[in-house]
Amino acid sequence: MRVQKENLKELMKNKVVAAGLAEEHAEVLADVLLHADLRGVHSHGAMRVEYYAERIAKGGINLNPDVKFEKTGPSTAVLDADNGVGHYFAKQGMDEAINIAKENGIAVVGVRNISHSGALSYFVQQAANEKMVGISMCQSDPMVVPFGGAEPYYGTNPIAFAAPSSSGKNIIFDMATTVQAWGKVLHARSKNEEIPDNWAVDENGEPTTDPFKVKSLVPIAGPKGYGLMMMVDILAGILLGLPFGKHVSSMYEDLTESRKLGQLHIVINPEFFGNGEAFLESITKKMSDLHEIKPAKGFDKVLYPGEPNDIQQEAYEKEGIEVVDDIYEYLESDVVHNNNYNHKDPFAK
Ligand code: NAI
């Protein structure tokens with residue numbers, strides 16, 4: 001069904017407030033989820049609300065965190081969120097990074113001890129909206145076979161990058177380092193659809209098209225994706241003194257425990273590398289160059305990264321956002337959560 005964005009945001013916010021989250025934190029959580037749904041990234045939108053509500057209600061997110069922000073050098077800082085809600089503190093960490101990069105040209109800000117923060121495009125877009133380049137990466141729970149392995153070790157460890165242009169549009173590249181994000185498998189389950197055979201493997205390490213049989217995801221491009229997810233784990237985990245690799249906490253196993261996840265933001269201010277205006281104009285030129293490339297068979301046009309999401313957003317702004325009926329029903333109901341997510345098997349739900 002179609003839902004207007006204001007309505008969807010309000011419903012999502014109300015649900016996590018009902019679970020116990022502070023209004024201020026819930027407002028940002030709902031904004032990050034709305035951003036994802038609006039951009040067609042449904043794997044990280046309203047679909048996640050019930051999981052968050054259950055985790056909040058069961059104590060796995062610190063509702064009164066003792067947050068510490070430490071500027072550790074001219075361009076570096078660490079925000080320790082004491083296991084507060086990921087969306088809010090990842091946003092706050094990016095705000096800090098933007099302020100540092102305005103002054104000093106570059107910022108590297110580690111956000112330590114947070115819960116799941118959602119779609120990373122939200123955070124890099126914050127930097128691009130300030131006419132700076134944003135990079136963000138974070139850990140997620142072990143559900144990916146390393147190249148050559150038959151059991152999970154890494155998370156889907158996403159990386160996002162945004163660059164602003166003079167047109168007001170941003171290039172936003174945001175991906176899990178797996179062939180598909182776990183949320184896409186969940187989305188396929190919620191719609192009872194098959195998945196392509198190159199997304200995941202079953203309990204025998206064999207490719208599967210049944211989203212309910214998935215036991216591990218696979219890295220993009222074999223050893224190359226495997227290398228990228230390792231890079232994320234080192235920069236967003238080990239660098240911040242957090243658990244890493246298979247020691248990262250599970251999303252579902254114990255909803256009463258904090259996740260202790262890490263996220264790293266990097267912001268680069270083009271003003272410090274020559275002419276900021278020329279940078280913006282060159283990005284605009286790059287976008288139009290790409291549009292002029294002769295399309296391959298089966299394609300209408302070459303799009304810049306993030307453009308399919310921009311197109312989706314434009315349509316959803318006009319027509320309302322497509323939300324799965326069951327999810328809307330839950331959001332509208334008085335139920336805070338249905339006790340669906342507390343289980344040992346990360347692939348059960
Ligand atoms: P995706 O596969 O949907 O898109 C990846 C990138 O490719 C996007 O930047 C998209 O704009 C671009 N793209 C897609 N089609 C294109 C086309 N035709 N032309 C040009 N560019 C195109 O993304 P994925 O890997 O499914 O990730 C989805 C979301 O999941 C992301 O927002 C990511 O941050 C989030 N995620 C979050 C995690 C967490 O723990 N917080 C873990 C894993 C993923």
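Counting starts at 1 for both ligands and their atoms, in listed order. All heavy atoms count here, side chains included; hydrogens, waters and symmetry mates do not.
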Show me, by chain and number, every protein residue that has a heavy-atom distance under 4.0 Å to ligand 1.
V41, H44, H116, G118, A119, L120, C138, S140, T156, P158, I172, F173, D174, M175, A176, Q180, A181, K184, L303, Y304, P305, G306, P308, N309
Parallel, tilted or perpendicular: which one describes the rings of H25 and Y88, with boundaries at 30° and 60°?
tilted
Side-chain polar contacts of residues 29-39 - donor-acceptor pairs under 3.5 angstrom, sequence neighbours left out - could you list them?
{"unit_1": "D31", "atom_1": "OD1", "unit_2": "K9", "atom_2": "NZ", "d": "3.2"}
{"unit_1": "D31", "atom_1": "OD2", "unit_2": "Y122", "atom_2": "OH", "d": "2.7"}
{"unit_1": "H35", "atom_1": "NE2", "unit_2": "S121", "atom_2": "OG", "d": "2.7"}
{"unit_1": "H35", "atom_1": "NE2", "unit_2": "Y122", "atom_2": "N", "d": "3.3"}
{"unit_1": "D37", "atom_1": "OD1", "unit_2": "H42", "atom_2": "ND1", "d": "2.8"}
{"unit_1": "D37", "atom_1": "OD2", "unit_2": "A46", "atom_2": "N", "d": "2.6"}
{"unit_1": "R39", "atom_1": "NH1", "unit_2": "D310", "atom_2": "OD1", "d": "2.9"}
{"unit_1": "R39", "atom_1": "NH1", "unit_2": "Q313", "atom_2": "OE1", "d": "3.3"}
{"unit_1": "R39", "atom_1": "NH2", "unit_2": "G306", "atom_2": "O", "d": "3.4"}
{"unit_1": "R39", "atom_1": "NH2", "unit_2": "D310", "atom_2": "OD1", "d": "3.4"}

Parallel, tilted or perpendicular, judged at 30° and 60°: which one describes the rings of Y341 and Y51?
perpendicular
With sequence neighbours excluded, give me every salt bridge (charged side-chain N to carboxylate O under 4.0 Å, His left out) pair touching residues 286-302.
K285-D289
Under 4.0 Å between a side-chain nitrogen and a carboxylate oxygen: does that hold for K13 and E23?
yes
Go through the structure and list residues passing salt bridge (charged side-chain N to carboxylate O under 4.0 Å, His left out) with E307, not counting sequence neighbours.
none
